[in-house]
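Okay, so here's the structure we're looking at.
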Amino acid sequence: MTQKLKILLVDDEESIKRVVEQVLSKDGYNLLYAADGNEGWQKFRKEQPDLVILDIMLPEKDGFEVCTLIRREFETPIIMLSAKGDIVDKSVGFNLGADDYLTKPFSPVELSLRVKALIRRSINLNKDKNQENIYHNKQLAINEKRREVVVRGEKADLTPKEFDLLSFLAKHPGQVFTREQLFKNLWLEDYISDPGTITVLIRKIRTKIENDPAKPEILQTVWGVGYKFMEI
């Protein structure tokens, strides 16, 4: 019998726990639960779940702190939850390494889609771990096996989602992609809740790889259409 994938929910709201439990049980996942940040981090270390659903506002340690602790050692997919719709929260979460973001209240269908998409992506990444696929130009090197980016001789600290977006664009130099197309590629789904998420990620990547983020040479904007990767 195939072992069920384990998903850790860290949230102190009982109503959220009930919704998530129903969704994950229906989809065949095994739910692990923690009601505060300390317990969530301890349970993560002990159980090594396949995915984490992590609230931002938590007792003890907040979600940002737990996300940071996880990302220091692991690439486990993380979905962050927030009662706010604040773009600042999203920016901080993605910058710390979160893979996805849901604003409460969310629909069970949307949660199910996000979880399945991240699980598929994680499985595909594990299959490709032995592939080197190095890309490089005069000032940028991308190593897919090690998931490393080197800019002008120094390693750049990109989050998993930032790396995936940069890597995808680098494989198609000169080709223009809309935000919707990039969103679909990163989340492996047609459902688009906030294409502005791509704008946030592009801005963050530019601060880490461009000589002048305000005048990007590598990740260029094609006004009214989307973005493209340019070789220098």
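Source: prediction; values computed, not measured.
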_Quick check on side-chain hydrogen bond (donor to acceptor under 3.5 Å, both in side chains): which of Arg114, Lys161, Arg121 does Asp100 satisfy it with?_
Arg114
*Excluding sequence neighbours, so at least two apart, what forms side-chain contact (heavy atoms from CB on, under 4.5 Å) with Phe168?*
His172, Phe177, Leu182, Asn185
*Can you tell me how far CD of Glu148 sits from CD of Glu144, rounded to the nearest 0.5 angstrom?*
12.5 Å
*For Glu13, what residues pass the side chain to side chain donor-acceptor pair (under 3.5 Å) criterion, not counting sequence neighbours?*
Lys104
*Transitive ILVMFWY cluster of Val176 at side-chain heavy atoms under 4.5 Å: who else is in it?*
Val222, Val225
*Could you state the interatomic distance from CD1 (Ile16) to CD1 (Ile53), rounded to the nearest 0.5 Å?*
10.0 Å
*Indicate yes or no: does Arg71 engage Asp99 in a salt bridge with an N to O separation below 4.0 Å.*
yes
*Is the number of heavy atoms from other residues, nucleotides or ligands under 6.0 Å of Asn211 CG greater than 12?*
yes
_I'd like to know if Arg147 and Asp164 make a salt bridge, using a cut-off of under 4.0 Å between side-chain N and carboxylate O._
yes
For residues 60-67, tabulate all N or O donor-acceptor pairs below 3.5 Å that involve a side-chain atom, not counting sequence neighbours.
from	atom 1	to	atom 2	distance (Å)
Glu60	OE1	Asn38	ND2	3.3
Lys61	NZ	Asn38	OD1	2.4
Asp62	OD1	Phe64	N	3.1
Asp62	OD1	Glu65	N	2.8

*Scan residues 45-54 for pairs that pass salt bridge (Lys or Arg N to Asp or Glu O under 4.0 Å), counting only residues two or more places apart or in two chains.*
Lys6-Glu47, Arg45-Glu73
*Nearest heavy atoms of Glu39 and Asp36, plus distance in Å*: N-OD1, 2.8 Å
*Tell me, please, which residues at least two apart from Lys204 pass side chain to side chain donor-acceptor pair (under 3.5 Å).*
Ser91
